[in-house]
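For reference, the structure is listed below as structure tokens.
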Amino acid sequence: MSVAKKQYKRVTTKSLVDMKANGQKISMLTAYDYTMAKIVDGAGIDVILVGDSASNVMAGHETTLPITLDQMIYHASSVVRGIERSLVVVDLPFGSYQSDPKEALRSAIRIMKESGGHSVKLEGGKEVKESIKRILNAGIPVMGHLGLTPQSIYKFGTYTVRAKEEEEAEKLLEDAMLLERIGCFAIVLEKVPAALAQKVAESISIPVIGIGAGGGVDGQVLVTHDMLGMTHEFNPRFLRRYSDLYDGMTSAFQQYNADVKSRDFPNESEQY
């Protein structure tokens, strides 16, 4: 017998835990500005991630490493002004939490105070445990991130699937349990085998949100610009394109250019 799913007027960290317990899948997309956030929120997406992927998508960098804390706060504050329902999670950028738990706390506090975001996300397990605990002790909700961790790309040397070998898979499961134990409200699992991701999701009570982690987890996240087809050079297996805005926008821009050049725009009805 199917059970009616609860509708949430405002999504909170507790909402996500309840959704997992009720078997209700969690939807999550990225946004980096007011206009996009308003559209994503209005569409009923549960979680908006202000990701450090802004480094790639908005600034054109090759990796996520160059984006700064000030830039993340700028993007996050723009997103927060556009939402009414979604939970806003903000990435702590590279260099803002790895070396010193006190620095991690200062970074998280700045994000919460200056952007109005609802929570922070950071990459890693046992190695960043003290930073996570320090942030949680200040009352700031933390989402973990395991598997492929893009801030460590130069350590891995590749964006290939993680945790295919038994040793790394065991560490990932241990890290997931650790993140739950110390108080994270959810975990993103990126680019890991589907069977392992499902095992992790079944082993912990907090939600596991996957990207390239199969359908056995509690929710899914994609980069909005990718799923809308605004980017066209990035084609991983896990990406489903729900639109083709790259070609559509290019066509619109070309038509506008042609209309301006031919003096068709503006016409009589488009002027005062």
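Along the sequence shown, residues carry numbers from 1.
In this structure a side-chain-to-backbone donor-acceptor pair under 3.5 Å is present from Gln98 to Gly95. Under a 3.5 Å cut-off, the side chain of Thr68 and the backbone N or O of Gln71 do form a donor-acceptor pair. With hydrogens and angles ignored, the 3.5 Å screen pairs no side-chain donor or acceptor of Thr149 with any backbone N or O of His145. Using modelled atom types, no side-chain atom of Ser53 and backbone atom of Asn56 make a donor-acceptor pair closer than 3.5 Å. Without hydrogens or angle criteria, Asp33 side chain to Thr35 main chain gives a donor-acceptor distance under 3.5 Å. Judged by distance alone, the side chain of Ser55 and the main-chain N or O of Asp52 form no donor-acceptor pair under 3.5 Å. In terms of modelled atom types and a separation under 3.5 Å, the side chain of Asn267 and the main chain of Ser269 share a donor-acceptor contact. Side-chain N or O atoms of Arg240 include none that pairs as donor or acceptor with a backbone N or O of Met227 at under 3.5 Å.
Residues Leu146 and Val188 fail the side-chain proximity criterion, which asks for heavy atoms closer than 4.5 Å. In this structure, the side chains of Ile48 and Met28 stay at 4.5 Å or more apart for every pair of heavy atoms. The side-chain heavy atoms of Val11 and Leu16, taken from C-beta on, include a pair separated by under 4.5 Å. Leu172 is listed as a side-chain neighbour of Val200, based on a closest heavy-atom distance under 4.5 Å. In this structure the side chain of Val128 never reaches within 4.5 angstrom of the side chain of Glu123, judged on heavy atoms. Counting heavy atoms from C-beta on, the side chains of Ile111 and Leu69 come closer than 4.5 Å. At least one side-chain heavy atom of Ile67 sits less than 4.5 Å from a side-chain heavy atom of His75. Counting heavy atoms from C-beta outward, Val88 and Ile83 have side chains that approach closer than 4.5 Å.
For residues 40-69, there are no ring pair (Phe, Tyr, Trp, His ring centres under 6.0 Å) pairs, not counting sequence neighbours. Evaluation of the ring pair (Phe, Tyr, Trp, His ring centres under 6.0 Å) test over residues 5-54, restricted to residues two or more places apart or in two chains, returns Tyr32-His225. Applying the salt bridge (charged side-chain N to carboxylate O under 4.0 Å, His left out) test to pairs two or more places apart or on separate chains, none has a residue in residues 177-189. Residue pairs satisfying the salt bridge (charged side-chain N to carboxylate O under 4.0 Å, His left out) criterion with at least one member in residues 244-254, sequence neighbours excluded, are absent. Screening residues 197-221 for salt bridge (charged side-chain N to carboxylate O under 4.0 Å, His left out) gives Lys20-Asp218 as the qualifying pairs, with residues at least two apart or on separate chains. Legend: salt bridge (charged side-chain N to carboxylate O under 4.0 Å, His left out) pairs involving residues 262-272, not counting sequence neighbours: none detected.
For Asp226, there are no salt bridge (charged side-chain N to carboxylate O under 4.0 Å, His left out) partners at least two apart in sequence or on another chain. Residues that satisfy the salt bridge (charged side-chain N to carboxylate O under 4.0 Å, His left out) test with Asp46, not counting sequence neighbours, are Arg85. Partners of His232 according to the ring pair (Phe, Tyr, Trp, His ring centres under 6.0 Å) rule, which considers only residues two or more places apart in sequence or in another chain, are Tyr246. Applying the ring pair (Phe, Tyr, Trp, His ring centres under 6.0 Å) criterion to His118, with sequence neighbours excluded, gives no partner residue. Listed by chain and number, the residues in a side chain to side chain contact (heavy atoms under 4.5 Å, CB included) with Gln220 are Val217 (sequence neighbours excluded).
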For residues 129-142, which side-chain N or O atoms pair as donor and acceptor with protein atoms under 3.5 Å away, sequence neighbours left out?
residue : atom : partner : partner atom : Å
Ser131  : OG   : Tyr97   : O            : 2.9
Asn137  : ND2  : Lys133  : O            : 3.2

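The distance from the CG atom of Leu49 to the CE atom of Met143 is 7.5 Å, given to the nearest 0.5 Å. We find the SG-NZ distance between Cys184 and Lys121 to be 11.5 Å, quoted to the nearest 0.5 Å. Separation of atoms CG (Leu148) and CD (Glu190) is listed at 4.5 Å; rounding is to 0.5 Å. Note that CG of Leu196 and CD of Gln198 are 10.5 Å apart. Values are rounded to the nearest 0.5 Å.
Shown here is Phe238, whose CZ atom has more than 12 heavy atoms of other residues, nucleotides or ligands within 6.0 Å.
Smallest separation of non-hydrogen atoms from Ser107 and Ser96: OG-O, 2.7 Å.
A side-chain donor-acceptor contact under 3.5 Å links Ser86 and Asp41.
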